[in-house]
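Only a predicted model underlies this, so the values are computations on that prediction, with no experimental measurement involved. Naming: A, B, ... by sequence-line order, numbering from 1 per chain.
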2 protein chains.
Amino acid sequence: MTTTAAQQRARQRQAYDAYLAECPARQLLNRIADKWVTLVLTALADGPRRYGELSRTIAGVSQKMLTQTLRGLERDGLLTRTVTASVPVRVDYELTALGRSLLPVVASIKAWAESHIEQVRSARVEYDQAGPDRPGRPS
Amino acid sequence: MTTTAAQQRARQRQAYDAYLAECPARQLLNRIADKWVTLVLTALADGPRRYGELSRTIAGVSQKMLTQTLRGLERDGLLTRTVTASVPVRVDYELTALGRSLLPVVASIKAWAESHIEQVRSARVEYDQAGPDRPGRPS
DNA sequence: CGGAATCCTTTCCGATACTG
DNA sequence: CAGTATCGGAAAGGATTCCG
């Protein structure tokens with residue numbers, strides 16, 4: 001896979017392109033196109049939330065994944081982490097301006113999933129019934 | 001995993017909620033909040049594409065992941081697969097109406113990643129510099 | 001050309017135990 | 001309360017080989 005000078009110039013013009021495997025945009029896409037990221041960001045839509053609140057809101061998330069996701073989002077500048085040194089300690093998470101710019105996008109994914117699940121389920125039933133012997137199906 | 005009649009009724013009332021671990025919407029979210037799904041759907045934005053075209057457009061995707069993603073999207077009713085029996089065989093993929101309804105959403109994620117990568121990268125630099133000894137960082 | 005099938009490595013992720 | 005650290009199983013995903 002060689003790249004011509006013309007392709008190089010084309011890339012400069014269009015800046016970042018997620019279709020290119022080596023592009024940083026591809027890696028960022030990989031990070032934000034994530035279930036936990038979507039749920040965490042939308043859970044912070046209405047303002048700051050404590051760790052425990054997030055944990056309860058996002059049912060079934062393990063503490064490991066929640067912490068890991070929060071750290072990643074903090075590092076990427078999408079949310080802030082504020083520690084209040086009390087007993088017991090209190091930690092609040094809040095979206096940054098950058099995080100809020102992503103919010104409508106991930107919120108629309110979540111909304112789409114919730115509003116189209118019925119159609120998807122019936123499509124699956126139809127697909128599975130149509131040909132029990134199809135490409136991709138074992139035995 | 002048994003569900004009581006009360007739980008069934010509760011689900012009917014609140015429809016689907018991706019925050020609930022058991023909810024089908026959570027699983028659907030898990031499927032569509034995916035790097036390959038985003039790239040495949042956006043690659044089909046301008047009309048039908050052949051398998052080989054998709055493979056070249058989405059640089060770095062393995063044949064296994066591409067086929068697997070396409071099969072999943074076909075089963076979920078987001079795209080159609082059309083085989084033309086020639087030599088060699090020709091296979092085209094095209095978005096369905098359902099798939100097109102998801103398209104603007106995933107396109108906006110891809111666009112966000114491409115347009116905000118700079119801000120995210122500088123946020124990472126700042127985070128990493130600020131405290132080389134921070135929560136989550138080894139030694 | 002457009003896959004399927006197999007093998008094998010990497011990464012994800014949950015469970016558990018411990019800490020300030 | 002809000003984590004960290006570690007371990008092991010499960011799943012994702014790449015490379016390779018073969019096929020209609």
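- Taking the side chain as every heavy atom from C-beta outward, Y93(A) and T80(A) never approach each other to under 4.5 Å.
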Which atom pairs link the protein and nucleotides 13-17 of chain C when you take only N or O atoms and keep those under 3.5 Å?
| unit_1 | atom_1 | unit_2 | atom_2 | d |
| --- | --- | --- | --- | --- |
| dC13(C) | N4 | K64(A) | NZ | 3.1 |
| dG14(C) | OP2 | S62(A) | OG | 2.6 |
| dG14(C) | O6 | K64(A) | NZ | 2.3 |

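- For the residue pair T67(A) / Y51(A), a side-chain donor-acceptor distance below 3.5 Å is found, with atom types taken as modelled.
- One atom, CZ of R49(A), and another, C1' of dA2(D), lie 18 Å apart when rounded to the nearest Å.
- Separating the CZ atom of R50(B) from the P atom of dC1(C) is a distance of 8 Å, rounded to the nearest angstrom.
- Between Y16(B) and C23(B), the closest heavy-atom pair is CD2-SG, 3.6 Å.
- Contact annotation: the side chain of T82(B) never approaches that of V91(B) to less than 4.5 Å [non-hydrogen atoms, C-beta and beyond].
- Atom CG of L70(B) is separated from atom C1' of dC1(C) by 14 Å (rounded to the nearest Å).
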What side-chain donor-acceptor pairs closer than 3.5 Å can you find for residues 40-50 of chain A, not counting sequence neighbours?
| unit_1 | atom_1 | unit_2 | atom_2 | d |
| --- | --- | --- | --- | --- |
| T42(A) | OG1 | T38(A) | O | 2.9 |
| T42(A) | OG1 | L39(A) | O | 3.1 |
| T42(A) | OG1 | Y19(B) | OH | 2.8 |

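- Although no hydrogens or angles enter the test, the distance criterion places no donor-acceptor pair under 3.5 Å between the side chain of Q119(A) and the main chain of L98(B).
- Proximity of R81(A) to the phosphate of dG3(D): a side-chain N or O atom is located under 4.0 Å from OP1 or OP2.
- Overall bending of the helix from dC1(C)-dG20(D) to dG20(C)-dC1(D), expressed as the angle between end axes built from five pairs apiece, is 50° (10° steps).
- V105(A) approaches S108(B) most closely through the heavy-atom pair CG1-OG, 3.4 Å.
- At the heavy-atom level, V89(B) lies under 4.0 Å from base atoms of the strands shown.
- Following rounding to the nearest Å, R56(A) (CZ) and dC1(D) (C1') show an atom-to-atom distance of 10 Å.
- Look at Y93(B) and you'll find a side-chain N or O under 4.0 angstrom from OP1 or OP2 of dG3(C).
- Across A18(B) and L29(B), no two heavy atoms sit closer than the pair CB-CD2, 4.2 Å.
- Protein atom CZ of R71(A) is 12 Å distant from nucleotide atom P of dA2(D), rounded to whole Å.
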Between S55(B) and Q63(B), does a side chain to side chain contact (heavy atoms under 4.5 Å, CB included) hold up when you go through it step by step?
CA-CA 7 Å; S55(B) 181; Q63(B) 153 272 0; over 6 Å; no
